Peer 1: 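Structure provided below as structure tokens; questions to follow.
So you know, we letter chains A, B, ... as the sequences are listed, proteins then strands, and number each from 1. In this text, all values refer to a predicted model and were calculated from it rather than measured experimentally.
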Amino acid sequence: MGRISQHPILGVQNEEKKIVTFKYDGKDMQGYEGEPIAAALKANGVMVHRYTMKQHKPRGIFCAIGRCTDCVMVVDGEPNVRTCMTPLKEGMDVRTQYGVSDKPFDQQ
Amino acid sequence: MKIERFDLIIVGAGPSGLSAAIEAAKRGMKVVVFDENARPGGQLFKQIHKFFGSKEHKAKIRGFHIGEQLLQEARDAGVKVELNATVVGLYQDREVVVRMGEEVHHFKGDAVIIATGASENMVLFDGWNLPGVMGAGAAQTLMNLYGVKPGEKVLMLGSGNVGLVVSFQLLQAGCDVVALVDAAPKIGGYGVHAAKVARTGVPFYLSHTIKKVEGTDHVTGVTIAQVDNHFQFIEGTEKHFDVDTVCVAVGLSPMSQLLKMAGCEMEDNPKRGGQVPIIDDYGKTSVPGIFSAGDVSGIEEASSAMIEGRMAGVAAAEYLGFMTADEKKTELDKLSTSLESLRQGMFAPKNRGKNITETEEGIPISTNLLSKGFVADDEIERYPGVIHKAGIHPVIECTQNIPCNPCQDACNQGCISIGDNITALPISVKDSKCINCGMCVASCPGQAIFLVDEDTGDGKASITLPYEFLPLPEVGAKGKALSRKGEPVCDAEVVKVRSSKAFDNTSLLTISVPKEYAMKARFFKAE
């Protein structure tokens, strides 16, 4: 996936933004400070944000404007955080969500 | 519990909400606008294309620039915008309940304007909720606000203006759009939007829809198939595409829940996009003091939403005595005229669902444009913008009546004529002298104008076309000229490249082709 570095209409994008490091499922990942967590994940090729409670089906970015809640993840220990609306910060701990809890299925 | 009072509370800081706030604040009202997002402007900042309309509607200005102008106007008027503030309730006597962070605050407005906009519709197909399937609006948000590619290979479902415009924007972001698909037999959006996508080589599949999206953890492919008149799949017509992303642009629904909650009389009106409040011409609902404006009271587009917002702002100001009934009438008459002119033409709300086969001028509509996205060679000659004469001249491939006239204003040589009727097809004036300034090419929001010299003397013709992609070819670059259909038709060489502030990021590419292709070559693809 990746970033659009040069855009014919918008020019150079994200030029002045600060790069921050965050954790995605325990791994180090980088993104721009203040962009939605979902944008940083997308730029890093992450597609699956959570698995549904009953059928364990994968879900990812769907509406990107905070309406559908498909993109919720566990952020800094808190489950059900809308990653498309939540700004990325240095050192954030972002985890795939299983069901509606902050724990993996086998620990629920 | 403390309840703060305002003269006017507006919910939603998009085009209509901000416009309403500006009008009210200008009349001395104490106004606050609540918006759940971190930035104001609603969806305007994702609109990177040039808008249609006339000068008063800010035609030929890109949506995000209109957003910047609107924000500046709001700041100048002293409008207070509360961001990250979600309105969760609208109760008796216009009590507004707002969630800000972890707290819930109560406010009271002597008047309230609901300008909450709309949300995207979805269709259900096998795999519709697999990661990689997203709303066209989501793709627009990722690429145009955050500079992230929504995907590499994308299939677009929906040929309304959103589907067409976002497909073009995906191409601009460097994505590969493998197909544009719609279950309807006809393209829903403006022909010019379809044509600028088609000429780059994107195939259109009308009367087709998605049968299945494939992939286990994320999208890896999609199968579409043809549908009959009853939208049932026709066996054996399946086509498969390897894609990582499927965008869905199948309309919008008003987010009218707050109005319903407040007890406003509602109706289910398919022409307005679903559940909408019953309002008068200026946004007044059945509940005294509550008004609505923009997409929440009927799906249209940002230009009309801004006018509706101003109307509701004026109506609320008069309701509370901040202006006289006479002043209100003068203002509203002016705004109504402006709004009426946007609601004309083939795509006007009043014409939704009608089968229009002829233009206002009595010229048959191109059937290829409606079913394939481009006007065929044997159809293009019948439109008044397409003429033949010696020397360079504009060829205007604008073939449907839409409310738009920047081309007429752009030409100070009188080469282009639309007249006072904003929806009339532009005429390329035979008895005029084009000075090759290129302003018409750059100003056409539909990218439908080409400067053509059918014979440059050496067996060649030159065609100047609008170009909004990267990398921008350089003079001397060789490649293929593509037809309106997006198929390579002949060799082409770039002989001139123009970029200018006045063109607002639309570059003008002049290509030289064998002269028999003067009326066929409409896009350039470098080798």
Peer 1: Give a yes or no on this: more than 12 heavy atoms of other residues, nucleotides or ligands lie within 6.0 Å of atom CZ of B:Arg99.
Peer 2: no
Peer 1: Restricting to non-hydrogen atoms, name the atom on B:Leu470 and the atom on A:Pro8 that form the minimum distance, rounded to 0.1 Å.
Peer 2: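 What the structure gives for the nearest pair is CD1-N, 3.5 Å.
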Peer 1: Is A:Tyr51 in contact with chain B via its backbone, its side chain, both, or neither, using a 4.5 Å heavy-atom distance?
Peer 2: side chain
Peer 1: Ignoring hydrogens, what is the shortest heavy-atom contact between A:Ala39 and B:Val148? Give both atom names and the distance.
Peer 2: O-CG2, 3.7 Å
Peer 1: Heavy-atom cut-off 4.5 Å, strictly under: side chain, backbone, both or neither for B:Tyr146 against chain A?
Peer 2: both
Peer 1: With chain B, which of A:Pro58, A:Ala64, A:Cys68, A:Cys71 has the greatest number of heavy-atom pairs at distances under 4.5 Å?
Peer 2: A:Pro58
Peer 1: Working to the nearest 0.5 angstrom, can you tell me the gap between B:Thr86 OG1 and A:Met85 CE?
Peer 2: 7.0 Å
Peer 1: Counting C-beta onward and ignoring hydrogens, is there a side-chain heavy-atom pair between B:Asp244 and A:Met47 closer than 4.5 Å?
Peer 2: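 No - every pair of side-chain heavy atoms lies 4.5 Å or more apart.
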Peer 1: Would you please test B:Met122 and A:Phe62 for side chain to side chain contact (heavy atoms under 4.5 Å, CB included) and show each step?
Peer 2: CA-CA 10 Å; B:Met122 206 29 70; A:Phe62 189 69; 3.2 Å; yes
Peer 1: Find the distance between CG (B:Asn505) and NE2 (A:His7) and round it off to the nearest 0.5 Å.
Peer 2: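 Those atoms lie 10.0 Å apart.
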Peer 1: Select one option (side chain, backbone, both, neither) describing which atoms of B:Lys50 are under 4.5 Å from chain A's heavy atoms.
Peer 2: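 No part of it gets close to chain A.
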Peer 1: Of the backbone (N, CA, C, O) and the side chain (C-beta and beyond), which part of B:Gln140 lies under 4.5 Å from a heavy atom of chain A, both, or neither?
Peer 2: neither
Peer 1: Atom CD1 in A:Ile61, atom CG in B:Leu142: separation rounded to 0.5 Å?
Peer 2: 5.0 Å
Peer 1: Side chain, backbone, both or neither: which part of B:Phe64 has a non-hydrogen atom closer than 4.5 Å to chain A?
Peer 2: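 Answer is side chain: those atoms of B:Phe64 sit under 4.5 Å from chain A.
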Peer 1: A:Ser5, A:Ala38, A:Gly60, A:Ala40: which one forms the most heavy-atom pairs within less than 4.5 Å of chain B?
Peer 2: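 Between A:Ser5, A:Ala38, A:Gly60, A:Ala40, the count favours A:Gly60.
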Peer 1: Under a 4.5 Å heavy-atom cut-off, does chain A meet the side chain of B:Asn144, its backbone, both or neither?
Peer 2: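 The answer is both parts of B:Asn144.
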Peer 1: Heavy-atom distance under 4.5 Å between the side chains of A:Ile4 and B:Met143, does that happen here?
Peer 2: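 The answer is yes; the side chains approach within 4.5 Å.
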Peer 1: Considering only heavy atoms, which portion of B:Ala38 lies under 4.5 Å from any heavy atom of chain A: side chain, backbone, both, or neither?
Peer 2: neither
Peer 1: Give, as side chain, backbone, both or neither, the part of A:Ile9 having an atom under 4.5 angstrom from any heavy atom of chain B.
Peer 2: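 Both parts, backbone and side chain.
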Peer 1: How long is the straight-line distance from CG of B:Leu145 back to CD of A:Glu35, given to the nearest 0.5 Å?
Peer 2: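 Going from CD on A:Glu35 over to CG on B:Leu145, the span is 11.5 Å.
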Peer 1: Which atoms of A:Arg59 come close to chain B, meaning under 4.5 Å heavy atom to heavy atom: side chain ones, backbone ones, both, or neither?
Peer 2: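 Both backbone and side chain.
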Peer 1: So for B:Ser507, is it side chain, backbone, both, or neither that comes closer than 4.5 Å to the heavy atoms of chain A?
Peer 2: neither
Peer 1: Near A:Glu33 CD, under 6.0 Å, is it more than 12 heavy atoms from other residues, nucleotides or ligands?
Peer 2: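 Yes, the 6.0 Å shell around CD holds more than 12 heavy atoms from other groups.
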Peer 1: Check step by step if side chain to side chain contact (heavy atoms under 4.5 Å, CB included) holds for B:Leu130 and A:Lys57.
Peer 2: CA-CA 8 Å; B:Leu130 201 60; A:Lys57 294 272 178 69; over 6 Å; no
Peer 1: Please rank A:Gly66, A:Pro36, A:Gly11 by heavy-atom pairs under 4.5 Å with chain B and give me the top one.
Peer 2: A:Pro36
Peer 1: Which pair of heavy atoms, one from A:Cys63 and one from B:Ala138, lies closest together, and at what distance?
Peer 2: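 That would be O-CB, 3.4 Å.
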Peer 1: Inspect the surroundings of CD in B:Glu474 and state if more than 12 heavy atoms from other residues, nucleotides or ligands are less than 6.0 Å away.
Peer 2: no
Peer 1: Between B:Ala173, B:Pro131, B:Ser119, which shows the greatest number of heavy-atom pairs under 4.5 Å with chain A?
Peer 2: B:Pro131
Peer 1: Could you measure the distance from the CG atom of A:Asp70 to the CG atom of B:Asn129? Nearest 0.5 Å is fine.
Peer 2: 7.0 Å
Peer 1: At their closest point, which heavy atom of B:Gly147 faces which heavy atom of A:Gln13, and how far apart are they?
Peer 2: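 Of all heavy-atom pairs spanning B:Gly147 and A:Gln13, the closest is CA-OE1, 2.8 Å.
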